[in-house]
Structures are given as C-alpha cells and as structure tokens.
J.: 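Okay, handing you the structure first.
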There are 2 protein chains.
Amino acid sequence: MSLDDLGERGRRASRERSADRAGAKPTLKTIAELTGLAVTTVSRALADAPQIALETRMRVRQVAEEIGYMPDRAAQRLRTGRTNVISLVLDPHEEILGYATSIIDGLSEALRGTPYHLVITPHFSDTPAIDPVRHIMRNRMADGIIFTRTEPADERVKLLVEHDFPFICHGRTELATAHPYVDYDNYAFAYHAARRLIASGATKLSIILPPDRFTFAQHMRHGFMTAVREEGVRFEIAKDVTLDSKSDAIRDYVYKQMAQADRPDGFVCGGEVSAMAVMASAYDHDLELGRDVHLVAKQTSGLFDQVRPRVETIYEDLSEAGLLMGRLLLKRIGGPVPVGELQALQTL
Amino acid sequence: MSLDDLGERGRRASRERSADRAGAKPTLKTIAELTGLAVTTVSRALADAPQIALETRMRVRQVAEEIGYMPDRAAQRLRTGRTNVISLVLDPHEEILGYATSIIDGLSEALRGTPYHLVITPHFSDTPAIDPVRHIMRNRMADGIIFTRTEPADERVKLLVEHDFPFICHGRTELATAHPYVDYDNYAFAYHAARRLIASGATKLSIILPPDRFTFAQHMRHGFMTAVREEGVRFEIAKDVTLDSKSDAIRDYVYKQMAQADRPDGFVCGGEVSAMAVMASAYDHDLELGRDVHLVAKQTSGLFDQVRPRVETIYEDLSEAGLLMGRLLLKRIGGPVPVGELQALQTL
DNA sequence: CTGGCGATTTATAACGATATAAACGTTGCC
DNA sequence: GGCAACGTTTATATCGTTATAAATCGCCAG
C-alpha cells in the first residue's frame with residue numbers, strides 16, 4: 001500500500017527530497033541516484049549481466065525491489081522493438097457461445113507471470129481476414145499473433161510463415177509448409193459421434209457443418225463420411241446452412257428435415273446452438289429424443305450438463321486450447337524451435 | 001499490397017535509395033526526407049497545428065498517406081504519457097456464458113476507428129480485485145479502465161475516483177460520490193419477472209441471487225421483494241447458493257426445493273445456467289413447465305430462442321453495455337465531463 | 001616506473017515522437 | 001536603411017531504456 005500510494009502527501013514529499021521515495025514513478029534514474037551508480041550500470045545489473053559485480057547486482061536488485069521499480073514498457077518497446085504483447089485476433093461478433101471467453105481464459109493462464117499482455121485485435125467481418133495480421137506485423141504491434149478459424153490455404157498463415165513471424169492458429173491448413181497450430185480432432189469427433197448414433201439405432205444421419213472455407217469443416221465431413229460409409233447408412237449434409245448461420249436459420253432447416261417422410265433420426269451437432277435447435281425441432285414435432293431422434297453434440301461449456309432430456313456429448317476443451325496456444329507461442333517467441341514442437345492436436 | 005510488402009525485394013531497394021519507399025517502417029524522418037522538411041514540422045503538420053502553413057499540412061498528409069505512415073505507439077507513449085490503451089479487467093474464469101464476449105464485442109465496436117487498443121487484464125480470483133487496478137494506474141498501463149462486478153463500497157471505484165483516473169464500471173455502488181457507470185436495471189428485471197410469474201398463477205416464488213457482495217444482488221433482491229410484498233405471495237431466497245455457484249450446485253439446490261411438499265412454483269432466474277438448472281430439475285421431477293412450474297429468465301444470448309419448452313425471458317443487451325462503456329470512457333478520456341453524462345442505466 | 005591486462009563501471013548515442021524556444025524570411029512601417 | 005512584427009519553420013531537449021564503445025581502477029610483470 002505505502003509504496004503504491006500516489007496520493008497528495010507522497011507527491012509533495014517527492015518534490016521536497018528530489019525523488020527518492022514514493023511520488024513519481026521510479027525509473028532507472030531513481031535507482032541510479034539511490035545507489036550512486038550510473039543508469040547504464042543499473043540497467044545491466046537488473047539484466048543480470050555477468051560483467052557487473054555480483055555484489056552490485058544484488059544491491060541494485062534490492063533497491064529496485066524496495067521502491068517497487070517496474071520497467072517502463074513504452075521505453076523498452078521503443079528501444080528494443082519488443083512489445084511484450086500477444087495479439088488475439090477475433091471476430092468479436094461471432095455468436096459461438098463463450099468460444100472467445102474460454103480461449104481468453106486459457107491464454108490468460110499461459111501469460112500469467114510473464115511480462116506479456118493480451119491485446120484483443122478485432123477483425124470485423126466486412127474486411128479481409130488478413131488485414132489485421134498485416135497491420136500487426138507491419139507496425140510491430142505485437143511479438144506474436146493468435147488467430148482462429150483457419151482455412152486450408154490460409155493467407156494469414158502464408159504471410160506469417162513467409163516473414164517468420166511468431167504465431168499460432170487454432171486449426172490446421174493444407175499448406176505444404178508445416179506451421180504451428182493447436183487444433184481439436186474434429187475428424188474423430190464427427191466419426192465417433194456418427195458411430196455412436198448408429199450404435200443407438202439411428203438409420204439416417206444428418207450433420208450441419210461449419211462454413212466450407214474452414215479446414216475443420218473438411219475434417220468433420222471426412223469423419224462423418226467415413227463412419228457413414230463404414231456402416232452403410234443413409235445421410236444428409238446441410239447445403240445452405242452452416243454452424244455459423246443464425247440459430248433461427250438452423251432451426252428452420254432442421255424443421256424441414258423433421259417434416260420429411262424420410263426424416264433423419266441421428267444428428268451430429270458441431271455446436272451447442274445447433275444442438276439446441278435440433279432439440280427444439282424435435283420437441284415441436286413431438287418426437288422423443290433418444291427414441292425417435294438421436295443426437296450427439298459437441299460440448300464446450302457446462303451448459304449441456306443442465307439440458308434435459310440428457311444429451312450425449314463429446315467434450316472440446318477450449319480453455320486448454322487457449323492455454324496450449326499461449327504456451328507454444330511463448331516458446332516460439334523465446335527463440336527458434338522446431339515447428340513440430342509447436343503443433344498440438346487435442347484428442348477426444 | 002505493394003507498400004505493405006516487406007519482402008526481400010523491397011528491403012534491398014530501400015537500402016539503395018536511402019529509405020524512401022517500402023522496406024523499413026516509415027517514420028517522421030522518412031517523411032521529412034521525402035518532403036525536405038524538418039521532423040518537427042512534419043510532426044506538427046500531421047497534428048494539424050495552425051502554425052504550419054495549410055499547403056504544407058496538405059503536402060505532408062499526402063506523403064504520409066502514400067507511404068502508409070503510422071505513428072509509432074511506443075514513441076508516442078513514451079513522450080506523451082498517453083498509452084492509447086483501454087484496459088478491461090476480467091476474471092477470465094467466470095463461467096457466465098459469453099458475458100465477456102458480448103462486452104468485448106460492444107467495446108470493440110466503440111473503439112473501432114479510434115487509436116485505442118483493448119487490453120484484457122486478467123484478475124485471478126485468488127488476489128484482491130483492487131490489485132490489477134492499482135497496477136494499471138501506478139504504471140500507467142492504460143488511459144482508462146473498465147471493470148465489472150461492482151460492489152456497494154467498491155474499493156476500486158474509491159481509488160479511481162480519488163485519483164481522478166478515467167474509468168467506467170459495469171454496475172453501481174452505494175458510495176456518496178457519484179461516479180461513471182453502465183448498469184442494467186436489475187431491480188426492474190426481478191420486479192417484472194416476479195409479477196409475470198404471479199400473473200401466470202404462481203403462488204410461491206423462488207430466486208437465486210448473485211453473491212451478496214455485488215451491488216446488483218441487492219437490486220435484484222429489492223425488486224423481487226417489492227413484487228412479492230405487493231402481491232402477498234410466499235417466497236424463498238437461496239441462502240448457500242448463488243448465480244456464481246457451480247451449475248451442479250445450483251441444480252442440486254433446485255432439486256431439493258422441488259422435492260418439498262410446499263415447493264415453489266415460480267422461479268426468477270438471473271442467469272441462463274440457473275434457468276437451465278431449474279428446467280432440468282422440473283424435468284427430472286416430472287413437473288410440467290408452464291403448468292406446474294413457471295419460470296422467467298434473464299436472456300443475454302440467442303440460446304433461449306432454441307430452448308423448449310419455450311421460456312419466458314427478459315433481455316439484457318450486454319453488447320450494448322460494452323458499447324456504452326466504451327463510448328462513455330472515450331468521452332471521459334477526451335476531457336472533463338460532468339459525471340452525470342457518464343452514467344447509463346439500461347432499462348428493460 | 002611504465003605498460004598492460006582483467007574486472008568493473010560509465011559516457012554516448014539511439015529508438016521515434018513531441019513540447020519548448022529559438023531562428024528564419026518576408027513584410028511593412030518609420 | 002533599419003527594425004519590429006508576423007507567419008512559418010527548425011534546433012534542441014526530453015521521455016526511459018539499452019547497445020556499443022570507452023573509461024576507470026587495481027594489480028602485476030617487465
């Protein structure tokens with residue numbers, strides 16, 4: 001409290017006796033005056049440079065601690081070019097419940113205790129996804145970038161790899177050059193979801209995929225199709241509706257399906273909203289879940305623990321994904337690392 | 001593309017002809033060389049200072065535009081002390097679905113087109129809530145602070161008011177000094193929710209409140225109690241369970257209530273998770289929603305549009321709250337504003 | 001006594017921006 | 001012609017830090 005107090009008393013006192021305690025923010029100069037050393041020496045001492053006598057280093061650190069010295073980020077950044085910032089590029093309008101929150105949770109945990117700050121760089125969907133990335137690189141707004149919704153031939157990945165700029169993306173690409181990523185095994189998700197439905201007695205499966213442009217849409221499709229072919233059951237894949245569609249549009253689509261004579265009786269739901277839409281449709285058509293209609297949903301929050309009738313789910317830990325992305329990115333920023341060590345696939 | 005391209009070709013070219021185009025990041029110096037003016041003049045010209053000839057200002061701006069000049073934030077920050085940063089203090093572990101996401105959405109919109117960046121400052125619940133605020137102030141990590149979960153005698157508010165540091169909090173206090181805030185009318189929410197339940201035929205109401213230490217818990221309680229007293233119905237207020245409790249704990253609590261002979265038949269749900277818990281409990285006790293049990297929930301996402309049976313809801317627009325907080329904070333940072341103009345109450 | 005070496009410390013400059021005060025060329029007036 | 005005043009531009013210093021090169025010291029060998 002005492003040292004952090006910037007109140008009137010402290011400020012006045014500091015005007016009287018130069019600037020030894022409290023009052024103005026302490027800088028290297030403050031420590032230099034206090035110890036009788038040069039600013040340069042203090043800087044090097046705090047950096048633990050071996051050329052500075054051990055005793056000096058300890059004394060400086062002691063004083064720095066006492067007066068609560070914290071380096072000025074702006075000055076460090078100007079001088080070194082390092083920002084101590086991690087930029088998370090987000091389309092803040094995404095409706096996916098809590099997706100961002102969970103990732104931010106994990107990222108915060110990874111950055112805890114480091115000098116790194118988390119900056120949210122919004123990407124508004126009316127501009128190319130590469131714009132914010134280019135801007136961050138060009139103006140050195142961050143030491144590393146994290147982004148989501150990766151595409152098979154993602155331009156952002158290409159750009160970042162080309163310039164050797166530290167980054168981790170959520171999701172993989174199909175590019176020839178390996179690059180850092182954290183991904184969830186959506187192939188396995190869709191595969192196992194479909195098999196579970198079939199095992200429950202479903203004879204015609206349905207799936208709503210993410211927009212085609214995202215890599216994980218292909219993974220889900222592939223997992224789904226593999227299971228379907230293995231078992232030889234019929235299926236339907238939504239054409240004009242995706243997991244990104246408004247929830248009403250999703251529900252309308254499922255409504256139409258339910259009204260068919262040949263309606264699907266097993267649904268793979270890649271998102272919580274779409275799962276709720278399927279449940280709503282079933283309910284409105286007087287179809288009983290678990291008997292007339294089966295459902296396996298991806299669960300990313302505690303929501304489904306409270307949903308009745310109970311829904312079969314497969315869990316994706318987004319908070320852990322954030323944690324991983326943070327850790328890997330810090331590792332990469334720390335120095336060159338084989339790209340293989342910067343890739344993580346979350347399994348079921 | 002051409003100017004943003006930092007590739008090998010550009011870099012080599014710039015080495016040849018000093019640094020006129022592409023290559024290294026353009027600075028005031030670059031513009032100065034290009035125009036034959038002094039760095040100072042360029043700076044003032046871009047600041048649109050009236051002492052600089054209009055023609056010069058236009059020429060400088062033209063050149064700056066052409067080479068894609070963007071001021072270096074670190075340098076500006078070091079020199080002026082302004083950070084161009086807004087800090088959002090968040091407990092990233094909060095389970096409230098998408099609460100943070102919605103607010104970030106609104107904030108991003110408010111900050112769009114301004115030079116301000118949004119930094120997420122995590123507040124881990126094992127440390128005092130005032131720590132991150134003090135740290136931000138002391139080290140001038142931001143020009144303004146936004147935080148949530150305001151308490152009646154909030155220490156953060158006191159500190160910030162005392163030092164006249166720009167901030168907006170989500171929620172009000174009961175402090176004597178007025179301060180900026182954005183809040184949702186939780187009194188009205190609880191009041192109307194309760195009245196609706198009674199109008200639907202409920203004879204014993206139940207409510208789960210936020211933790212007592214938050215101001216909005218008192219508001220909700222007050223609204224609830226007012227309605228209950230006006231109508232003279234019986235009621236129950238959860239003692240050991242709050243909206244912050246794990247969703248399982250909430251469900252267990254509601255389970256016990258449902259098992260009572262004298263069970264409540266009307267539930268005011270201040271959160272989406274607690275609403276789902278009530279629904280789950282009702283379902284598990286074979287109670288029919290809308291007949292045996294009534295429910296009015298606060299809706300903060302599109303989720304309840306897909307929940308069946310349909311649930312009565314009252315909407316709280318968190319994205320708008322974020323937008324308001326951003327706008328008001330920018331206004332405050334811009335210069336002294338009567339505190340009354342920095343307060344907003346979102347009504348139903 | 002001088003030169004030189006190793007161990008420490010320090011002076012200087014620079015990062016890119018801006019606030020301050022000084023300098024500049026032009027004009028008009030006495 | 002000299003000088004003040006004006007409109008405009010520029011030199012200088014500074015924010016806090018760190019990389020580089022230089023300086024200082026004690027000490028020992030020659």
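Chain naming here is simple, since letters A, B, ... match the order of the sequence lines and numbering starts at 1 in each.
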J.: Would one find a side-chain N or O of B:Gln76 under 4.0 angstrom from OP1 or OP2 of C:dT18?
T.: yes

J.: Charged N to carboxylate O under 4.0 angstrom, A:Asp72 versus A:Lys25?
T.: yes

J.: Less than 4.0 angstrom between a side-chain N/O of B:Ser43 and OP1 or OP2 of C:dT18, yes or no?
T.: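 Yes, within the criterion.
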
J.: For B:Arg44 and C:dA21, give me the distance from atom CZ to atom P, rounded to whole Å.
T.: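 To the nearest whole Å, that distance equals 12 Å.
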
J.: Quick one: B:Ile52 CD1 to C:dA19 P, roughly how many Å, whole number?
T.: 12 Å

J.: Rounding to a whole Å, what distance do you find between B:Leu46:CG and C:dT18:P?
T.: 8 Å

J.: Does this structure show an ion pair linking B:Asp164 with B:Arg332, if we count only N-O contacts that are shorter than 4.0 Å?
T.: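 Counted as a salt bridge, because a side-chain N and a carboxylate O are separated by less than 4.0 Å.
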
J.: Separation of A:Leu28 atom CG from D:dC15 atom P, in whole Å?
T.: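 Distance, rounded to whole Å: 13 Å.
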
J.: Strictly by modelled atom types, are A:Thr101 and B:Thr101 linked by a side-chain donor-acceptor pair under 3.5 Å?
T.: yes

J.: Report the residue (B:Arg59 or B:Ala75) whose heavy-atom-nearest nucleotide on DNA chain D is the more 5′ of the two.
T.: B:Arg59

J.: From CG of B:Asn84 over to P of C:dT18, roughly how many Å is that when rounded to an integer?
T.: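 Those two atoms, CG and P, are 11 Å apart.
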
J.: Measure from CG on B:Asp48 to P on D:dT9 and round the result to the nearest Å.
T.: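 The distance from CG of B:Asp48 to P of D:dT9 comes to 13 Å, rounded to the nearest Å.
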
J.: Between C:dT8, C:dG16, D:dT12, which nucleotide has the shortest distance from any of its atoms to the side chain of A:Ala53?
T.: C:dT8

J.: Report which part of the nucleic acid A:Thr41 touches: base, sugar-phosphate, or nothing (heavy-atom distance under 4.0 Å, all strands).
T.: base

J.: Do any side-chain nitrogens or oxygens of B:Thr40 fall under 4.0 Å of OP1 or OP2 in D:dT12?
T.: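 No, because none of the side-chain N or O atoms of B:Thr40 sits under 4.0 Å from OP1 or OP2 of D:dT12.
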
J.: Base, sugar-phosphate alone, or nothing: which one does A:Ala38 contact when heavy atoms must sit under 4.0 Å apart?
T.: sugar-phosphate

J.: Are OP1 or OP2 of C:dG16 and a side-chain N or O of B:Tyr69 less than 4.0 angstrom apart?
T.: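 For B:Tyr69, the contact criterion (side-chain N or O under 4.0 Å from OP1 or OP2 of C:dG16) is not met.
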
J.: Quick one: which of A:His123, A:Glu155, A:His135 gives a side chain to side chain contact (heavy atoms under 4.5 Å, CB included) with A:Ile130?
T.: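 By the side chain to side chain contact (heavy atoms under 4.5 Å, CB included) criterion, A:Ile130 pairs with just one of A:His123, A:Glu155, A:His135: A:Glu155.
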
J.: Which one, C:dA17, C:dT20, D:dG16, comes nearest to the side chain of A:Arg79?
T.: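 The listed nucleotide nearest to A:Arg79's side chain is D:dG16.
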
J.: Just checking, any donor-acceptor pair under 3.5 angstrom between side chains of B:Thr150 and B:His170?
T.: no

J.: Of the candidate nucleotides C:dG16, C:dT9, C:dT18, which contains the atom at the shortest distance from the side chain of B:Leu78?
T.: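 Taking heavy atoms from C-beta onward, the closest nucleotide is C:dG16.
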
J.: For the side chain of B:Gln51, starting at C-beta, report the closest nucleotide among D:dG16, C:dT18, D:dT9.
T.: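 Nucleotide nearest to B:Gln51's side chain: D:dT9.
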
J.: Rounded to whole Å, please give me the gap between CZ in A:Arg77 and C1' in C:dA17.
T.: 13 Å

J.: Under 4.0 Å, heavy atoms only, any strand: does B:Thr80 hit a base, just the sugar-phosphate, or nothing?
T.: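 Since only primed, P, OP1 and OP2 atoms lie under 4.0 Å of B:Thr80, the category is sugar-phosphate.
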
J.: Rounded to whole angstroms, how far apart are CZ on B:Arg73 and P on C:dT18?
T.: 13 Å

